[in-house]
Amino acid sequence: MLRMSNLFLRTLREDPADAEVASHRLMVRAGMVRRAAPGGFTWLPLGWIVFRNVERIVREEMDAAGCQEVHFPALLPKEPYEATGRWTEYGPNLFRLVDRRGNDFLLAPTHEEMFTLVVKDLFSSYRDLPLSIYQIQTKYRDEARPRAGLLRGREFVMKDSYSFDVDSEGLDRSYAMHRAAYITTFDRLGLPYVIVSAMSGAMGGSDSEEFLAPLDAGEDTFVRCSSCDYAANTEAVTTETPSAADPAAAPAAKVVDTPDTPTIDTLVDHLNSAAELARDDRPWAASDTLKNIVVRLDHPDGTSEALAIGVPGDREVDLRRVEAQVAPAEVHPFGEADFAAYPSLVKGYIGPGALGTERSSGIRFLVDPRITVGSRWVTGADQPGRHVVDLTLGRDFTPDGTIEAAEVLDGDPCPRCGAQLEIARGIEIGHIFKLGTKYAEALGLKVLDADGQQVTVTMGSYGIGVSRAVAAIAEATCDDDGLCWPREVAPADVHLVIAGKEGGPQRAAAEELGSRLEASGVRVLIDDREGVSPGVRFKDAELIGVPTIIVAGRGVPDGLFEVKDRRSGERVDVPADQVVDHVRTVIAAG
RNA sequence: CGGGGUGUAGCGCAGCUUGGUUAGCGCGCCACGUUCGGGACGUGGAGGCCGGAGGUUCGAAUCCUCUCACCCCGACCA
């Protein structure tokens, strides 16, 4: 029985000044965590119980899915990460350190290399596969800006597992197995989630899905369909391609003077105010313009390349989306020095006339999928102060291809069913993806197949942020009064409040009930502090968020306890001899 | 890395503009008494290098310079 009279606990009446998001604020107030370093937290007894419950559930579900637990050091030598290039690729986010001999080490941000190597050490036959192994480990990332308490720290606990298969069919099975295990895990954790398509990005690989808890405190944006079950990370959203039209049907393209039109808005105003420029069917809109942005791609091999991107003028280019398409290259804005290298680019008036590998600049030119054959555009004429009107794709210009680069807007059509998409924020609590052979290739993980041939093992990678999940659960379940833990992760099943007058019969009755509850397997937290007023006890109980609160109060002389549901606030008086059964029924009901 | 903000008791804050006794308030903590179903009350206490360094001044929490730290927005981010 947890006793508040001797728990290492101090609840705070006021919000800590450095806590913004609810989970952080309330977990500090409830005495569960304390900030110890930027991005680093100390777990106190009640919080640590919650943490271990979450960890236990994750472990149980991984084990049930047939994964085996291992444990690597967090402190690792540089060499494996050099072999895969991540020692440099990971950049400043990697915590690096040097030992007394001057050798480089790192605090692992994730363990792909070590898992790959340990399998290489021990296994060499297809008959050993498939294999899925995992660990629950503290990870380190030197985040530029830790924030939101436990949600984004520099030290955090993550469950990461890896699957090893001989072929892609095997990988598909391992992936599906993990996906199913994650669904049961998050269901048990009482955490709402959506599964969104994601980009595997710099990690390489193909299929990738994220489990997002749809909460405003999250920093990932995703879209979901208001009608069907389509959901995707913003980077991975695809745009429907409008049907093509006959390019010959468009009015002839003409170059016009457009003085003082540095922005899309001023350009549209200019077009609509000049009678001779009027459109045949309706006023000009920003979406009639074609905005061409040039960026510089820096490839991992050190080379650079210019890339031109055309999007409808009513949208910005979303550099994160671009980066996801061109990974592992990095995207940088085009600077003065870059422009100097391409004299045919007229800043502010860049148009398809100069863009494309066959045109004067020689810059590869990719356009948004909405820019289809036969569509007509107002765009830069590659001369200062001039634009070209009715430039038509397929007749007047031909880009090198399409790219998903335009920002996604609330209300855009769903690529699956056409209904409106809505943009929401979420906390990434899990990520599963098919790594493929990237790491096995780099580190030489091969096995002999049935024909005696060496084949490179194909891998999957699957993560759950354990400490982040604790915060996400707090965030998803709390209310104005405090935390409100789902049963399985709560620090106790019941919070027993002694509310009677000091010296009255309540204390003895509560102690006796507590013993009986505990004897029947119920986890009890009892507020047996002396000299604490009832108001404080009630507030603390609500703040801490144990799912069932039992009050030993004025009903005790009549043999009654009040049983209250933390979430709904419903309360019912229960005779002393029925409380244990009542509570067990409540627990069994979930 | 860019922008904004804050550092004063364990926590939350005032004081700083306009320098001047012993640096204040609320919460929490300790003691005694009262109270006891919604963050009770009284009395008496303990607790501060006013983030750090340098400077101006007879005198600095307060003015100046430098510096460090933390928080928020953005950039970045398995």
Side-chain angles (χ1 to χ4, degrees), chain A residues 9-21 24-25 28-29 31 34-40 86 89-94 108-113 137 139-149 151-154 156 158-162 198-205 208 210-211 219-220 233 235 319-320 323-324 327 330-333 428-433 435 438-439 461-465 468 481-482 497-504 506-507 527 529-543 549 551-556 561-562 564 569 571 573:
Chain A
L9 169 73
R10 178 114 302 143
T11 57
L12 269 38
R13 184 192 296 235
E14 285 165 300
D15 286 334
D18 61 353
E20 199 72 12
V21 297
H24 185 196
R25 221 175 56 227
V28 171
R29 278 190 56 203
R34 302 289 300 175
R35 199 191 75 89
R86 294 168 92 201
E89 265 175 35
Y90 223 96
N93 269 21
L94 195 63
T110 172
H111 281 75
E112 280 81 1
E113 285 81 354
Q137 180 46 298
K139 308 283 186 177
Y140 297 88
R141 288 183 199 169
D142 190 359
E143 296 286 349
R145 182 151 94 84
R147 70 184 92 181
L151 287 174
R152 182 172 218 65
R154 299 204 293 179
F156 57 98
M158 177 164 114
K159 186 286 303 178
D160 52 332
S161 40
Y162 302 85
M199 302 294 293
S200 40
M203 297 298 294
S208 171
E210 286 174 6
F211 287 71
E219 38 186 356
D220 285 24
N233 198 308
E235 283 89 334
L319 289 181
R320 291 178 68 165
E323 202 141 52
E330 286 179 31
V331 179
H332 296 283
E428 183 183 356
I429 46 175
H431 194 168
I432 53 178
F433 61 100
L435 272 182
K438 174 174 175 177
Y439 291 90
S461 161
Y462 319 91
I464 291 179
R468 179 183 279 182
D481 294 319
V497 171
I498 298 171
K501 182 172 177 170
E502 204 75 59
Q506 283 83 4
R507 177 171 291 269
D527 187 351
R529 293 174 292 182
E530 291 182 27
V532 175
S533 72
V536 173
R537 297 178 197 268
F538 290 128
K539 289 290 185 191
D540 276 350
E542 271 144 19
L543 178 59
I549 297 168
V551 183
R554 54 188 166 220
V556 165
F561 290 93
E562 179 180 298
K564 179 178 168 184
R571 45 179 93 181
D573 285 330

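Keep in mind that what you see is a predicted model, and the values were worked out from it rather than measured. Here is the naming used below: chain letters follow the sequence lines, and residue numbers restart at 1 for every chain.
Across every strand in view, B:A31 sits in a pair with B:U43 that passes the Watson-Crick or G-U test at under 3.5 angstrom. In this structure, B:U57 forms no base pair with any nucleotide, since neither Watson-Crick nor G-U wobble geometry is met with both distances under 3.5 Å. Base pairing annotation: B:G74 forms a Watson-Crick or G-U wobble pair with B:C1, both donor-acceptor distances under 3.5 Å. Under the Watson-Crick and G-U wobble criteria, each requiring two contacts below 3.5 Å, nucleotide B:G7 is paired to B:C68.
Going from atom NZ of A:K501 over to atom P of B:A40 covers 17 Å, rounded to whole Å. The distance from atom CZ of A:R13 to atom P of B:G12 is 15 Å, rounded to the nearest whole Å.
Atom-to-atom distance recorded for A:L543:CG and A:T11:OG1 is 6.0 Å, nearest 0.5 angstrom.
Taking only side-chain nitrogens and oxygens, A:T110 never comes nearer than 4.0 Å to OP1 or OP2 of B:A78.
Looking at A:R537, its side chain does come within 3.5 Å of a backbone N or O of A:R529 through a donor-acceptor pair.
Rounded to whole Å, the C1' atom of B:G28 lies 12 Å from the corresponding atom of B:G39. As rounded to the nearest Å, B:U18 and B:A61 have C1' atoms that lie 15 Å from one another.
Residue contacts for A:R571: at a heavy-atom cut-off of 4.0 Å it reaches a base atom on one of the strands shown. At a threshold of 4.0 angstrom between heavy atoms, the contacts of A:D540 include nucleobase atoms, whether or not backbone atoms are also involved. Within 4.0 Å of A:P109, counting heavy atoms only, lies no atom of the nucleic acid at all. Base contact: A:R29 has a heavy atom under 4.0 Å from a base atom. In this structure, A:R537 reaches neither bases nor backbone, as no heavy-atom distance under 4.0 Å exists between it and the strands shown. Across all strands, A:E562 comes closer than 4.0 Å to base atoms (heavy-atom distances).
Across the interface with RNA chain B, nearest-nucleotide mapping of A:A148 and A:K539 shows A:K539 to be the residue nearer the 5′ end. The 5' end of RNA chain B is approached more closely, in terms of each residue's nearest nucleotide, by A:V551 than by the other of A:H24 and A:V551.
For A:E502 and A:R507, the salt-bridge test passes: some basic side-chain N is under 4.0 Å from an acidic carboxylate O. In this structure, A:K438 does not pair ionically with A:E112, as no charged nitrogen and carboxylate oxygen lie closer than 4.0 Å.
For A:Y162 and A:D160, the side-chain atoms include at least one donor-acceptor pair closer than 3.5 Å.
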